[in-house]
Amino acid sequence: MKEDEGWGTFLTGKAIPFRRNEPLSKYTTFKVGGPASYLVEPRTTDELASVVKKCRAEGERLYVLGGGSNLIVRDEGVNGIVIRTSSLKSFAEDGKGGFTVGCGYQLSQIVHESLDKGFSGLEALTGIPGSVGGAVRMNAGGKYGEIGGMVRSVEVIGDDGAPRILEAKELRFGYRSSNLKERVISSVTLRLGRESLEAARESYRKIMEEKRGAQPFGTSNAGCTFKNPPGGKAGRLIDEAGLKGAKIGRARVSELHANFLINEGGCSADDLLKLITQIQERVAEKSGVSLELEVVVW
Ligand code: EPU
């Protein structure tokens, strides 16, 4: 870090919660990852903005940690500022058939609550972990839909610390991608429906049941490791390469869904990264396909 001590004084002065040299393994669903120089937990958009502004002004490395559910943090950790968004959980109906939700809201929670509040649409994202901000940044989704199509606008924090609204027409969403990758998202406004609530609730139940049967729920994993290649399925390719159950150290390929890796307990980021390389090599040999990571590596 460039101005290591200055950050402690700055954050203490502004009363923004932070921890020094905090192990990130506590905050990732894989339960791996070394320490962050500073883990900062802003509670308001203003606090978030002041941290972003200082990072940008000083050219400090800035990482945004949402639900940590699509992330491998290396064992050596990260040298820089990690903003954890979990305290940014505002919620307000927009009066236009949708609502604005803070980036740190858990996606699974808002999927559930939106049905309770009489909104339909988000049930397509049932069973997807992570935060709303993270979900929008990577256009999280599955075969029932993606979040990108439900976004009316996004509030981002500019390099000068000023919040700015990006409307749907300025946003680009692709398969597990968006043009928000370099942005710090503070909140998201979703456009939903008010109709077919009973059908939406039924669909929620069905998707949950289907996922529980097909994915290793209750284990330490980060969902699908690789993107599906054009015209193919990463899970099937890994399975056909005979890799179900393959292990390096305490990292294992799930027997239930081969695109999921599991921390069996005490696994390192290095174990996971070695297993990833082995999978990529074996699948390339067997089928000629080069698998691209869906999980993010810090
Ligand atoms: N398959 C196998 N072996 C396996 C796993 C899958 O042969 O070990 C086959 C299945 O039989 C099926 C096909 O591969 O014919 C596709 O599998 P699945 O229906 O499970 O869907 P997926 O393409 O593997 C995608 C998303 C998931 C999402 C599901 C359900 C990606 C990379 N994955 O999985 O998202 O939950 O659809 O909607 O797009 C994630 O992004 O982290 C994630 C888990």
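We count ligands from 1, going down the list as the structure has it; atoms in each ligand are counted the same way. No experiment lies behind these values; they were computed from the predicted model shown.
Contacts between His257 and ligand 1 below 4.0 angstrom, taking non-hydrogen atoms only, involve backbone and side chain alike.
Glu123 and Ser203 are not linked by any side-chain donor-acceptor pair at a separation below 3.5 angstrom, with hydrogens and angles left out of the test. With no hydrogens or angles considered, a side-chain donor-acceptor pair links Asn221 and Thr219 at under 3.5 Å. The closest side-chain donor-acceptor pair between Tyr144 and Glu210 falls under 3.5 angstrom.
At under 3.5 Å, not a single nitrogen or oxygen of Asn70, backbone or side chain, sits near a nitrogen or oxygen of ligand 1. Considering backbone and side-chain N/O atoms, Cys224 comes within less than 3.5 Å of an N/O atom of ligand 1. In terms of polar-atom proximity, defined here as any N/O pair under 3.5 Å, Ala258 does make such a contact with ligand 1. Distances between N or O atoms of Lys143 and those of ligand 1 include at least one value under 3.5 Å.
Within 4.0 Å of atom 33 (N) of ligand 1, at least one protein heavy atom is present.
Taking the ring centre of Tyr27 as origin, the terminal cationic atom of Arg84 falls outside the region bounded by 6.0 Å and 45° from the ring axis.
Numbered from 1 in the order shown, with element, the atoms of ligand 1 that lie under 4.0 Å from a heavy atom of Lys244 read 8 (O). Taking every non-hydrogen atom of Lys211 and a distance limit under 4.0 Å, the qualifying atoms of ligand 1 come out as 36 (O). Close approach to Phe226 involves these atoms of ligand 1, each under 4.0 Å from a residue heavy atom: 32 (C). Heavy-atom proximity to Gly223, at under 4.0 Å, picks out these atoms of ligand 1: 42 (O). Taking a cut-off of under 4.0 Å to the non-hydrogen atoms of Tyr175, the atoms of ligand 1 that pass are 31 (C), 32 (C), 39 (O). Ligand 1 places these atoms under 4.0 Å from at least one heavy atom of Phe260: 44 (C). Proximity to Gly142 (heavy-atom distance under 4.0 Å) selects the following atoms of ligand 1: 38 (O).
Here the CD1 atom belonging to Ile248 is positioned 7.5 Å from the NZ atom belonging to Lys274, to the nearest 0.5 angstrom. The distance from the CG atom of Leu243 to the OG atom of Ser254 is 12.5 Å, given to the nearest 0.5 Å. Rounding to the nearest 0.5 Å places CG of Leu275 at 13.5 Å from CZ of Arg250. The structure places CD of Gln280 at 4.5 Å from CZ of Phe226, a figure rounded to the nearest 0.5 Å.
Regarding atom 23 (O) of ligand 1, its nearest protein heavy-atom neighbour is Asn228 ND2, 2.7 Å. The single protein non-hydrogen atom nearest to atom 3 (N) of ligand 1 is Asp239 OD2, 2.8 Å, given as residue, atom name and distance. For atom 16 (C) of ligand 1, the closest non-hydrogen atom of the protein is Lys233 CD, 3.5 Å. Protein heavy atom at the shortest distance from atom 41 (O) of ligand 1 is Glu294 OE1, 2.9 Å. With respect to atom 36 (O) of ligand 1, the closest heavy atom belonging to the protein is Gln215 NE2, 2.9 Å. In terms of protein heavy-atom proximity, atom 11 (O) of ligand 1 is nearest to Arg236 NH2, 4.5 Å.
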Determine all donor-acceptor pairs shorter than 3.5 Å in which one atom belongs to a side chain in residues 98-108; sequence neighbours excluded.
from	atom 1	to	atom 2	distance (Å)
Thr100	OG1	Thr189	OG1	2.7
Tyr105	OH	Glu113	OE1	2.6
Gln106	OE1	Ser108	OG	3.4

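No more than 12 heavy-atom neighbours from other residues, nucleotides or ligands sit within 6.0 angstrom of CD on Glu209.
A salt bridge does not link Arg152 to Glu167: none of the charged nitrogens lies less than 4.0 Å from a carboxylate oxygen.
Under the side chain to side chain donor-acceptor pair (under 3.5 Å) criterion, the residue pairs touching residues 173-182 are Arg176-Glu294, with sequence neighbours excluded.
Within the structure, ligand 1 has Arg176 among the residues with a heavy atom less than 4.0 angstrom away.
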